[in-house]
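Since the structure comes first, as structure tokens, the remarks are kept for the end.
Position 1 is the first residue of the sequence, and the numbers go up from there.
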Amino acid sequence: MSSLTALVLDAEALYQELLRGVRMLATGSTRLVGITSGGAWLAQRLQKDLGLPGEAGTISSALHRDDFSSRGMASAAATSLPFEVDCADILVLDDVLYTGRTLRAILNELYDFGRPAQVRLAVLVDRGGRELPVQADFAAARVSLPASQSLALAQDSAGAFSFRLKESN
């Protein structure tokens, strides 16, 4: 269990770094889309903190996962894109980039809604371990974790971010 306590990530400090990175990537026409659920929390908060008009989109990977039959449909897994996807400049947000499989699935989901002009990715944490040739255009932090551990963003009732680090079975 000592390896679980060795990693200390300040999610709020990393959010400030992500905010800086997204400011550099976004233009006046960029639409934010967060991957359910951690990425959606990030996109909603970034939308507000950047003063962008409208609302951020939320996208689910559930219907396009290659492991859908074993995972099933999450109750909160619904895609909501409150803007036209065709020809849009889209910045996808996620909390943790790992194998790339979730991103592959959400790209399939996104293209079900139209053909964007551009899709980029910004993440809070890139933990390596890619199974697909996917990389973030911006990562607030890069960490290395054993495959037996998972890292996920949590949000409290006041909207503050923290991380949960769990040992997988």
### Query
Could you give the distance from CG (Leu19) to CG (Leu46), rounded to the nearest 0.5 Å?
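Interatomic distance, Leu19 CG to Leu46 CG, rounded to 0.5 Å: 6.0 Å.
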### Task
To the nearest 0.5 Å, tell me how far Gln16 CD sits from Asp10 CG.
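So the CD of Gln16 and the CG of Asp10 are separated by 9.5 Å.
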What is the minimum heavy-atom distance between [X] and [Y], and which atoms define it?
X      : Y      : answer
Ala78  : Thr36  : O-OG1, 4.3 Å
Arg101 : Glu131 : CD-OE1, 3.0 Å
Leu153 : Trp41  : O-CZ3, 3.3 Å
Arg142 : Ala139 : NH1-CB, 3.8 Å
Leu103 : Val134 : CD2-CG1, 3.0 Å
Leu91  : Thr30  : CB-CG2, 3.7 Å

#### Entry: Qualifying residues under salt bridge (charged side-chain N to carboxylate O under 4.0 Å, His left out), relative to Glu17, sequence neighbours excluded
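Result, salt bridge (charged side-chain N to carboxylate O under 4.0 Å, His left out) vs Glu17: Arg20.
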### Query
Does CD belonging to Gln135 count more than 12 external heavy atoms closer than 6.0 Å?
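No, because the 6.0 Å sphere around CD of Gln135 holds 12 heavy atoms or fewer from other groups.
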### 4.5 Å side-chain heavy-atom contact, Arg130 and Leu97
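The answer is yes, as the side chains (C-beta and beyond) meet within the 4.5 Å cut-off.
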### Message
If only side-chain N and O atoms count, and only distance matters, is there a donor-acceptor pair under 3.5 Å linking Ser148 with Glu167?
### Response
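Per modelled atom types, Glu167 and Ser148 side chains form a pair under 3.5 Å.
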### Query
Taking atom types as modelled and ignoring hydrogens, do the side chains of Asp89 and Ser29 form a donor-acceptor contact shorter than 3.5 angstrom?
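No, no side-chain donor-acceptor contact under 3.5 Å.
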### Task
Using the rule that two of Ile, Leu, Val, Met, Phe, Trp, Tyr join whenever any of their side-chain heavy atoms come within less than 4.5 Å, decide whether Ile106 and Tyr98 are in one cluster.
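Hydrophobic grouping puts Ile106 apart from Tyr98.
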### Query
Does Ala152 offer a backbone N or O that forms a donor-acceptor pair with the side chain of Asp95 under 3.5 Å?
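Pair absent, no side-chain N/O of Asp95 close to backbone of Ala152.
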#### Entry: Any donor-acceptor N/O pair, Arg120 side chain to Val92 backbone, under 3.5 Å
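Here the side-chain-to-backbone pair does not exist.
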### Message
Less than 6.0 angstrom from the centroid, inside 45 degrees of the normal: does Arg45 satisfy that with respect to the ring of Tyr15?
### Response
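Yes, Arg45 and Tyr15 form such a contact.
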### Query
Applying the side-chain contact (heavy atoms from CB on, under 4.5 Å) test to Val123, which of Ile35, Asp94, Leu42 qualifies?
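When Ile35, Asp94, Leu42 are each tested with Val123, the side-chain contact (heavy atoms from CB on, under 4.5 Å) holds only for Asp94.
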### Task
Identify whether the distance between the nearest side-chain nitrogen and carboxylate oxygen of Arg115 and Asp86 falls below 4.0 Å.
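Looking at Asp86 together with Arg115, the answer is no, because their closest N to O distance does not fall below 4.0 Å.
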